[in-house]
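Letters A, B, ... mirror the listed sequences (proteins, then strands); counts begin at 1.
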Amino acid sequence: MNPNHCHCCIYVLIVDKLINPRFTQFISAFVYRFECKPKKVKVEHDRKAQKRKHEYTDGSKWRFLEHKGPVFAPPYEPLPDKVRFYYDGKPMKLSAPAEEVATFFSKMLDHEYTTKDIFRKNFFKDWRKEMTSEEKSKITDLNKCDFTEMNEYFKAQSEARKQMSKEEKQKIKEENERLVQEYGFCIMDNHKERIGNFRIEPPGLFRGRGDHPKMGMLKRRIRPEDIIINCSKDSKHPKPPPGTKWKEVRHDNKVTWLASWTENIQGSIKYIMLNPSSRIKGEKDWQKYETARRLKKCVDRIRTQYRDDWKSKEMRIRKTALALRAGNEKEEGETADTVGCCSLRVEHVKLYPKMDDQEYVVEFDFLGKDSIRYYNKIPVEKRVFKNLQLFLENKQPEDDLFDRLNTSILNKHLQELMDGLTAKVFRTYNASITLQQQLKELTCPDDSIPAKILSYNRANRAVAILCNHQRAPPKTFEKSMQNLQTKIEEKQNQLSAARKQLKVAKSDHKASHDDKSKKAVEVKRKAVQRIEEQLMKLQVQATDREENKQIALGTSKLNYLDPRISVAWCKKWGVGIEKIYNKTQREKFAWAIDMAEKDYEF
DNA sequence: GAATCGACTTGTTGGCATACAC
DNA sequence: GTGTATGCCAACAAGTCGATTC
């Protein structure tokens, strides 16, 4: 038996365990239904599938593509003479290229970045490349550079922008709008589609995330000569700015991008692509969730299979994590030191035969994507634990935990279990199934709309926690929480006052029995009701905000949760879709809003 | 079969417009 | 009308994963 195969079996097993032990029972109880309105929707699915099949049999993504090319960053405007740079206490006029790079640094003076050694070192090295030889010989020590005047100038500029009159602001807005109208759309196969990012990234200093070894390096200005344009032959080709040329114009309909260039920091390619609301992105998204639904159908089989495998082979690598990303290898020294499942090292796990009242606990502690810390303690089966122990033996902290396993081997194995299955499908599947299950569990039919929305957010939160989507508590969190609390107290006072008034009105009515006093009672009763509702809303808001302190919901909502689950939930409970999705999200998920009925099942 | 490349998705952040409180 | 908190969105970094190259 292929030893790699074994690694993967164990991997998938623990994946399940890690994510949510309750899944097993839930899934076994699950009866899969393709759609609530089988006939109608099936036809729709078939038609879409047919269309796709028709379009993509040759692997092409479009037949016709026309656009106007990217918008370049505005050229550098030299500083006015009164704004000076000082070296070693003396003013010094810089050449335009050196000055431009200096302004990048000066704009960041308030940021912690500029105090970091690596950042300063990288910046200085790249800055010197832009200097004239004279400047180079003079400016030899970054610590002797004084950018404060430049910094103040830019602050004043941004202040002035804020102080602009309404008319001026309106003018800028209109100019912007014009640019969007001209460059922000393309024609792809008879459809006018919005482009996601039609502006070329302006030059600046690279700020990586976490401890990035390249932070501070100069991101150079992109010129038309760096740009590859992609469009169809029979379209009106975009014109480069006067006096310039594109690097290349190609007609590759096997890809979806409109323009690309190679950035100079990592040497990777950047693309101009369509907005998420576009047909091409929407279909891909839909397809992603369909794959996750297929996994749902066969997850039981996969589980049984790897469990069997696992029982028969004793001394095998135990592989961990599903909520975890796959974790590709990365070049050392090229990026920040972050890991995923396949690249976990010995130093990232600790084993506890007993912890509190649980046995066989594995503790994970490592930096994941974007250098976000993943910390979790997970009880595992004894056998898994023992194997992990074996695994750690005779290894140094910096050794790989799972040698002989990488994402390619893992995904190849997963592919064998189910067509189209990769590690990230598990993430999508688990997120979506959790949302659906949590919504079922948390939604009370008798709740008010705000309470239902709270339940929705709680379900969403459960997913975000599962996926480790953390955020730093907002800087103004405590204050805004306090404000809300004050409002609640005020509302409570208001309520008791209103109740008193109602009481008075009632006794007045009892005494007089006239129409006027009857009306007064009604008015007061309504007032009490209204205030009660307002108070409840505030309280729900406070709970929601408090629970959301360190959790970011956006990422899971946008990338992991089958939108049809949310749409169905809204339809079922009469909650407006705009309470759950904002405008952009509604545009992105238009296909789902269109497709899902109230009894859609993931 | 490892390394690299290319295309595309996922993720966080910060600036800005807008809603809201006063 | 003005100041401030909030949510939205663009920007862009950092992943995943399949294809290609060595």
ring-ring contact (aromatic ring centres under 6.0 Å, His included) involving A/W257 - partner list, sequence neighbours excluded: A/Y271

Integer-rounded Å distance: C/dA14 P and A/I265 CD1: 10 Å

Heavy-atom neighbours of A/Q157 CD exceed 12 at 6.0 Å: yes

d(CE, A/M108; C1', C/dC12) in whole Å: 13 Å

Under-4.0 Å salt bridge between A/R223 and A/D226: yes

Neighbour count above 12 (heavy atom, 6.0 Å) for A/K254 NZ: yes

Phosphate OP1/OP2 of C/dA13: any A/Q266 side-chain N/O under 4.0 Å: no

Parallel, tilted or perpendicular: rings of A/Y113 and A/H111 (30°, 60°): parallel

Presence of A/Q585 side-chain N/O under 4.0 Å of C/dC8 phosphate oxygens OP1/OP2: no

Touch class at under 4.0 angstrom, heavy-atom based, for A/E263 against every strand present: nothing

Presence of A/H212 side-chain N/O under 4.0 Å of C/dA14 phosphate oxygens OP1/OP2: yes

Sugar-phosphate, base or nothing in reach of A/K557, heavy atoms under 4.0 Å: nothing

Distance flag, aromatic centroids of A/F206 and A/H212, threshold under 6.0 Å: yes

Of A/T422 and A/G208, the one whose closest DNA chain C nucleotide lies more 5': A/G208

Distance in angstrom units between A/N468 CG and B/dT10 P, rounded: 17 Å

Distance, rounded to the nearest Å, where A/L538 contributes CG and B/dC20 contributes C1': 13 Å

Heavy-atom side-chain proximity of A/N253 to A/S232 below 4.5 angstrom: no

Residues touching DNA chain C, which here means a heavy atom under 4.0 Å, drawn from residues 192-206 of chain A: A/R194, A/R199, A/E201, A/P202, A/F206

Results of side-chain hydrogen bond (donor to acceptor under 3.5 Å, both in side chains) for A/S158 - residues two or more places apart only: none

Whole angstrom value for the distance that separates C1' of B/dT12 from CZ of A/R209: 4 Å

Side-chain N or O of A/T555 closer than 4.0 Å to phosphate OP1/OP2 of B/dT10: no

Whole angstrom value for the distance that separates C1' of B/dT13 from CZ of A/R207: 9 Å

Name of the residue among A/L274, A/D285, A/N275 meeting side chain to side chain contact (heavy atoms under 4.5 Å, CB included) with A/I280: A/L274

Separation of C/dA11 C1' from A/F104 CZ (nearest whole Å): 15 Å

A/K162 side chain near C/dT4 phosphate (N/O to OP1/OP2, under 4.0 Å): no

Might you list the N or O atoms of the protein lying below 3.5 Å from N or O atoms in nucleotides 5-7 of chain C, with each pair's distance?
from  : atom 1 : to     : atom 2 : distance (Å)
C/dA5 : OP1    : A/K479 : NZ     : 2.4
C/dT6 : OP1    : A/R545 : NH1    : 2.9

Presence of A/H111 side-chain N/O under 4.0 Å of B/dG14 phosphate oxygens OP1/OP2: yes

Any donor-acceptor pair under 3.5 Å from A/D562 side chain to A/F602 backbone: no

Pairing residues for A/F72 by the ring-ring contact (aromatic ring centres under 6.0 Å, His included) criterion, not counting sequence neighbours: none

Residue whose closest nucleotide on DNA chain B lies nearer the 5' end, A/K588 versus A/Y113: A/K588

NZ/A/K171: more than 12 non-hydrogen atoms of other groups inside 6.0 Å: no

Nearest-Å distance for atom pair CH2/P, residues A/W261 and C/dA13: 10 Å

Between A/F123 and A/F105, ring centroids under 6.0 Å: yes

Please list, for nucleotides 5-9 of chain B, all pairs of protein and nucleotide N/O atoms separated by less than 3.5 Å.
from  : atom 1 : to     : atom 2 : distance (Å)
B/dA7 : OP2    : A/Y271 : OH     : 2.9
B/dA7 : O5'    : A/Y271 : OH     : 3.4
B/dC8 : OP1    : A/K61  : NZ     : 3.1
B/dC8 : OP1    : A/T256 : N      : 3.4
B/dC8 : OP2    : A/T256 : N      : 3.1
B/dC8 : OP2    : A/T256 : OG1    : 2.9
B/dT9 : OP2    : A/K281 : NZ     : 2.5
B/dT9 : O3'    : A/K424 : NZ     : 3.2

